[in-house]
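One structure is given here, and the rest of the page talks about it.
Protein chains get the first letters and strands the later ones, always in sequence-line order, with residue 1 at the start of each.
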Amino acid sequence: MKFYVTTPIYYVNDRPHIGHVYTTTIADIAARFHRLCGDDVFFLTGTDEHAAKVVDSAAEHGVTPQQWADENAKAFQDTFAKLGISNDDFIRTSQERHKVKAQQYVGELLKTGDVYLGDYEGWYDAGQEEYLPENKAKEYEFKSPFNGKPLVRKKEKNYFFRLSRYGDSLLKLLEERPEFVHPDVRRNEVRNRIREGLNDVPISRTGGSDWGIRIPGDSEHTIYVWIDALFNYLSTVDTDERRKFWPADVHLIAKDILWFHAVIWPAMLIALKRELPRQVYAHSFWISEGQKMSKSLGNFIDIEKIDQYVSNFGLDALRYFLARYGPLGINDSDFAEARFNDVYNAELADKLGNLVNRTLTMIQRYRNGVAPQASDEGLRTDAETMVAAYRERMNRLDFVGALDALWGFVVRSNQYVEESAPWKLAKDPAKARQLDGVLYNLAESVRLISVLVTPFMPTTSGAIRTQLGVGDKRGLFAEETNWGRLAAGTKIGQVAPLFPKRT
RNA sequence: GCCAGGGUAGCUCAGUGGUAGAGCAGGGGACUCAUAAGCCCUUGGUCGGGAGUUCAACUCUCCCCCCUGGCACCA
């Protein structure tokens with residue numbers, strides 16, 4: 001099986017923040033899960049660079065657009081590298097490999113008549129040299145929000161994509177493949193808007209700058225940045241070696257860019273006669289300490305803030321928090337320090353960390369650090385039930401649900417310790433075999449957890465395995481989740497708390 | 001303004017025409033392998049407000065209030 005997952009390509013004028021980190025981490029978890037399952041995975045992220053504002057920002061900083069883009073793209077690359085993101089490629093829309101393909105796609109659409117030269121008419125702000133969308137123009141009472149001068153009605157030549165042609169196809173798509181847009185609420189949003197009718201969309205600009213991709217055969221027009229950006233998902237894998245990955249299994253996005261991904265993008269792909277992605281998954285937003293993040297409040301969880309969390313709690317704790325309490329569904333999530341701290345202590349230190357610690361300490365104390373022989377089926381049924389739920393949920397990208405199942409098993413294992421009270425068994429030589437069984441079951445439980453935690457907390461997984469003495473290397477999901485894989489006689493390693501408690 | 005989604009215990013959320021649920025936080029208990037962790041028990045709610053339909057509504061209908069997303073070229 002192949003698995004192709006994408007994040008949006010990030011706008012190169014932005015500085016990386018929790019939103020970018022979240023989407024990318026979610027994609028990373030999906031990618032790592034599928035690698036664990038033995039799938040042929042391609043995980044793509046990158047930067048979107050051809051906006052007019054990039055030209056402006058570059059000018060303000062006295063550098064060329066390319067230099068500016070290079071510098072800022074590097075900020076994203078560095079951030080993702082620092083966060084251990086396992087992307088297989090990083091596409092930048094200013095790269096030749098992308099530009100050539102994007103131009104080719106628009107060329108194809110020109111041939112089929114899906115892209116045509118038409119007239120664009122709209123409210124133009126002469127001072128800013130830009131058009132305002134109808135609703136914005138209205139909001140500003142048809143005056144420039146910058147200098148108060150009246151907006152003028154202006155018309156110019158523009159290339160359009162014939163989106164209006166694809167309304168029925170899109171509705172049919174949503175009907176036949178309801179999973180195409182996820183969650184359901186988003187699909188309904190999209191469907192209702194499509195029913196309201198689709199207009200053709202302008203896909204070119206005549207900025208005069210040469211920062212951008214030319215419309216084939218017309219040196220006046222460049223491809224509008226959003227259209228250019230969408231093509232990245234295809235352009236990157238549109239090579240002989242990578243074509244096998246298309247179509248994308250899932251485009252992970254935030255809800256604000258749903259329209260482009262669930263309507264314009266599939267319509268263009270239909271026009272290009274390409275296979276459609278299997279799913280567009282739109283998550284919601286993070287808010288910060290109960291408040292919406294905004295420039296005016298200056299409360300962005302920015303990269304400096306993220307670094308602080310990583311150095312205080314560790315990268316895996318951040319990944320766990322993002323996955324477990326992130327806005328994967330329709331509600332926004334609150335990134336609050338007190339909450340993070342509680343979750344760290346309760347779920348990572350007290351539940352998981354302590355289970356590993358008490359298990360290994362008991363083996364050390366009662367069995368000289370050697371995993372004993374199994375003697376009963378103790379936690380097996382619980383484990384198997386959990387693994388089935390975990391796998392099913394992971395396959396649906398329901399990471400919250402998967403972690404629920406996994407942590408339910410952690411709790412179950414802790415209960416098992418209390419029920420079997422190894423410290424009592426240890427006092428009675430006649431119960432040695434029973435104690436062996438209990439300790440084996442706990443060790444096996446810890447081993448199983450080390451495997452299932454891999455996509456979320458790769459470093460922790462390795463740390464557990466090293467302490468348990470089975471080594472960081474692990475096999476595929478199917479074999480590693482077989483109960484009883486731990487060999488009796490395994491010598492456990494040095495034991496230390498995985499998540500030191502914070503106060 | 002229009003189109004959606006949501007307002008349920010201190011917090012995060014699940015739920016559905018028939019006597020309100022979970023996790024966390026709070027309170028109590030027995031234990032001791034463990035990171036004063038874990039385990040067991042437990043206090044909390046007029047289910048946003050109002051009216052209506054019904055034998056019966058948190059659950060259906062209508063009105064109002066508040067929050068969130070989208071309203072197409074702002075990536």
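For the ring-ring contact (aromatic ring centres under 6.0 Å, His included) criterion with A/H50, the lone passing option out of A/W211, A/Y224, A/F231 is A/W211.
Residue A/I203 contributes atom CD1, which lies 15 Å from atom C1' of B/A72 at whole-angstrom precision. Look at CZ on A/R187: it is 17 Å from C1' on B/G69, rounded to the nearest Å. Rounded to an integer number of Å, the gap from A/I227 CD1 to B/A72 P is 15 Å. Here B/C71 presents its C1' atom at 13 Å from CG of A/L198, a figure rounded to the nearest Å. Summarising the geometry, the separation between NZ on A/K255 and P on B/C74 is reported as 22 Å, rounded to the nearest angstrom. Rounded to a whole Å, the NZ atom of A/K53 is 12 Å from the C1' atom of B/C73. Distance A/D398 CG to B/A14 P: 13 Å, rounded to the nearest Å. Separating the CG atom of A/D404 from the C1' atom of B/C13 is a distance of 11 Å, rounded to the nearest angstrom.
For the pair A/D48 (side chain) and A/Y10 (backbone), a donor-acceptor distance under 3.5 Å is absent.
Using P as the reference atom, B/U16 and B/G69 are 26 Å apart when rounded to the nearest Å. To the nearest whole angstrom, the two C1' atoms, one in B/U8 and one in B/A22, are 12 Å apart. A gap of 16 Å separates the C1' atoms of B/G7 and B/G50, to the nearest Å. For the C1' atoms, the distance from B/G17 to B/C47 is 15 Å, rounded to whole Å. Between B/U42 and B/U46, the two C1' atoms lie 23 Å apart (nearest whole Å). Comparing B/G21 with B/G29, their P atoms are spaced 26 Å from each other, to the whole Å. Nucleotides B/G10 and B/U43 place their C1' atoms 12 Å apart, quoted to the nearest Å. When the P atom is used for both B/C74 and B/C64, the distance is 34 Å, rounded to whole Å.
Taking the six-membered ring for Trp and thresholds of 30 and 60 degrees, A/Y281 and A/H182 have ring planes inclined between 30 and 60 degrees apart. Classified by interplanar angle (parallel below 30°, tilted 30° to 60°, perpendicular above 60°), the ring pair A/H221/A/Y159 is perpendicular. Aromatic ring pairs are classed by plane angle as parallel below 30°, tilted from 30° to 60° and perpendicular above 60°; the pair A/F80 and A/F90 is tilted.
Of the charged side-chain nitrogens involved, none lies within less than 4.0 Å of a carboxylate oxygen, so that A/R339 and A/D342 do not count as a salt-bridged pair. Ionic pairing of A/K255 and A/D332 is present here: one or more N-O contacts between side-chain nitrogen and carboxylate oxygen are shorter than 4.0 angstrom. The pair A/E444-A/R447 meets the salt-bridge criterion, since a charged nitrogen lies less than 4.0 angstrom from a carboxylate oxygen. Salt-bridge annotation for A/E392 and A/R396: present, with a side-chain N of the basic residue lying under 4.0 Å from a carboxylate O of the acidic one.
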Under 4.0 Å protein heavy-atom contact, by nucleotide of nucleotides 1-12 of chain B - B base, S sugar-phosphate only | ----S------S
Let me have a per-nucleotide readout for nucleotides 29-38 of chain B, 5' to 3', with B, S or -, counting only protein heavy atoms under 4.0 Å.
-> --SSBBB-SB
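Each of A/A51 and A/E347 was assigned the nucleotide of RNA chain B with the nearest heavy atom; the assignment lying further toward the 5' end belongs to A/E347.
In terms of the side chain to side chain donor-acceptor pair (under 3.5 Å) criterion, residue partners of A/D114 (sequence neighbours excluded) are, by chain and number, A/T112, A/R165, A/Y166. By the side chain to side chain donor-acceptor pair (under 3.5 Å) test, A/T359 is found to be paired with no residue, residues two or more places apart in sequence or in another chain being considered. Remark: A/Y440 pairs with no residue by the side chain to side chain donor-acceptor pair (under 3.5 Å) rule, at least two apart or across chains.
Nucleic acid contact class of A/P202 (heavy atoms, under 4.0 Å, all strands): base. If you check every strand for non-hydrogen atoms under 4.0 Å, A/G197 touches a base.
Side-chain contact between A/I18 and A/M293 is present, with at least one heavy-atom pair separated by less than 4.5 Å.
Consecutive Watson-Crick or G-U pairs involving RNA chain B, each under 3.5 Å on both distances, make up stems of three or more pairs at B:1-7 with B:65-71, B:10-13 with B:21-24, B:26-29 with B:39-42, B:48-52 with B:60-64.
Annotated as anti: B/G6, whose glycosidic dihedral deviates from 0 by more than 90°.
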